[in-house]
Amino acid sequence: MVIRRIAVVGAGIAGLACASRLVASGHQVSVYDKGRGVGGRAATRHMRVGASDLRFDHGAQYFTARDPDFRSLVGRLVSAGAIEIYPNTVTNITDTERSPLPDEPRFVGTAGMNGMAKALADGLDVESSCQVMNCIRDAGGWTLALSTGARTGLFDNVVIAVPAEQSAELLLPIAPSLAQEAMAARTSPCWAAMLVFSAPIQVNFEAARVRDSSPLAWVAQTNGNGGDYSCWVLHATTDWSRENIDQSAEWVADELGKAFLRLAGIGMQPLQMSAHRWRYAQVEVSVGTPFAWDADLGIGVCGDWRLGPRIELAWQSGDALGSAISQTNPL
Ligand SMILES: Cc1cc2nc3c(=O)[nH]c(=O)nc-3n(C[C@H](O)[C@H](O)[C@H](O)COP(=O)(O)OP(=O)(O)OC[C@H]3O[C@@H](n4cnc5c(N)ncnc54)[C@H](O)[C@@H]3O)c2cc1C
């Protein structure tokens with residue numbers, strides 16, 4: 001029986017799914033993430049307004065559970081209180097009509113979108129605020145060079161669970177053929193804006209996919225501790241985000257805020273606005289296989305860019321890689 005020491009780079013849903021599977025198989029796993037917490041693009045941002053701590057899910061908005069294995073995990077997390085049904089009704093808005101989006105169970109984290117990631121990370125060894133700069137191989141195995149200037153201890157295997165473009169950078173010096181695969185995938189950017197109104201606003205939608213001539217692709221009210229405030233998340237279209245990728249967050253918040261007021265047909269100005277640039281937001285071109293595993297090098301690769309732009313697919317990718325690594329060397 002051989003217990004392996006495995007480093008996972010990235011504590012998004014894919015990295016955490018992989019780490020959970022490996023730990024369940026008995027391996028020793030350390031997860032590293034450059035973010036302040038876990039979840040990656042399944043993200044939650046807090047904003048202080050007066051005495052209120054307002055919460056915004058400014059990345060992924062909700063997730064589906066079509067895969068049976070993922071559905072059973074979702075069932076367990078719902079029972080544990082970590083996730084719940086997405087509360088908003090979703091409307092399709094075009095220039096000419098408004099219609100409801102077909103019904104399908106949609107889920108969110110109970111205390112914010114990163115709730116699912118927190119549940120997956122429970123019991124795992126995760127080091128946050130720590131970017132992996134390089135993976136270095138010598139006769140003893142792998143070590144990671146960290147942004148803190150430190151080097152990790154030795155690992156038998158490394159899992160890269162970050163967006164395609166960032167995977168390619170890490171992989172190029174150590175596994176060129178895996179890097180080539182990552183370079184074939186493509187991720188589009190997305191500007192997100194967060195608006196706070198001092199009182200409820202009168203609109204006839206709770207959340208909407210927008211397919212009209214505005215810069216907006218998605219708008220949704222958020223219910224995170226809002227009290228009397230009305231809080232909204234806006235996502236710009238891919239084209240608009242690409243065109244304006246280097247603009248300041250203040251300018252973007254203002255432009256998207258104005259587009260929202262036009263869409264909603266209201267004159268009330270937001271009390272507070274901010275914006276977040278997702279440089280790598282949604283997978284546009286995926287690889288089509290759930291993971292890659294190079295047994296000679298001992299490197300695995302997973303992430304949403306393997307299968308497509310959804311939390312569920314990121315989880316499937318990470319879980320499948322964790323199973324494959326465990327099966328190549330069962331305990
Ligand atoms: C605006 C937006 C809207 C979306 N809407 C939806 C939706 O409604 N429904 C849905 O299902 N999906 C949605 N998605 C997609 C969904 O969020 C992703 O598919 C999923 O979260 C990807 O998970 P992942 O683990 O593959 O990658 P990520 O979540 O990106 O995780 C990668 C992690 O790696 C870390 N990292 C990167 N480089 C390094 C490094 N060198 N060292 C250490 N750590 C590193 C990052 O900090 C991050 O935490 C949306 C995404 C965005 C941005």
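Whatever order the structure lists ligands and atoms in, that order sets their numbers, starting from 1. Quick caveat, the model's predicted, so the values are computed rather than measured.
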- Task: Just do the ring pair (Phe, Tyr, Trp, His ring centres under 6.0 Å) check on F70 and W315 with the steps written out, would you?
- Result: CA-CA 8 Å; F70 187 64; W315 181 86; 5.3 Å; yes
Distances only, to 0.1 Å: what are the N or O pairs between ligand 1 and the protein that fall under 3.5 Å?
from, atom 1, to, atom 2, distance (Å)
ligand 1, 8 (O), Q61, N, 3.3
ligand 1, 8 (O), Y62, O, 3.3
ligand 1, 9 (N), Y62, O, 2.7
ligand 1, 11 (O), I311, N, 2.8
ligand 1, 19 (O), D304, OD2, 2.7
ligand 1, 25 (O), I13, N, 3.1
ligand 1, 25 (O), A14, N, 2.9
ligand 1, 26 (O), D304, N, 2.9
ligand 1, 27 (O), R41, NH2, 3.0
ligand 1, 29 (O), R41, N, 2.8
ligand 1, 30 (O), R41, NE, 2.7
ligand 1, 30 (O), R41, NH2, 3.1
ligand 1, 41 (N), V132, O, 3.0
ligand 1, 42 (N), V132, N, 2.9
ligand 1, 44 (N), K34, N, 3.0
ligand 1, 47 (O), D33, OD1, 2.8
ligand 1, 49 (O), D33, OD1, 3.2
ligand 1, 49 (O), D33, OD2, 2.6

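Residues passing the salt bridge (charged side-chain N to carboxylate O under 4.0 Å, His left out) test with R5, sequence neighbours excluded: D156. Taking V285 as the reference, R186 meet the side-chain contact (heavy atoms from CB on, under 4.5 Å) condition, with sequence neighbours excluded. Taking R71 as the reference, nothing meets the salt bridge (charged side-chain N to carboxylate O under 4.0 Å, His left out) condition, with sequence neighbours excluded.
We find that R41 and D304 are joined by a salt bridge, their nearest charged nitrogen and carboxylate oxygen being less than 4.0 Å apart.
Side-chain atoms of W191 come within 3.5 Å of backbone N or O of N244 as a donor-acceptor pair.
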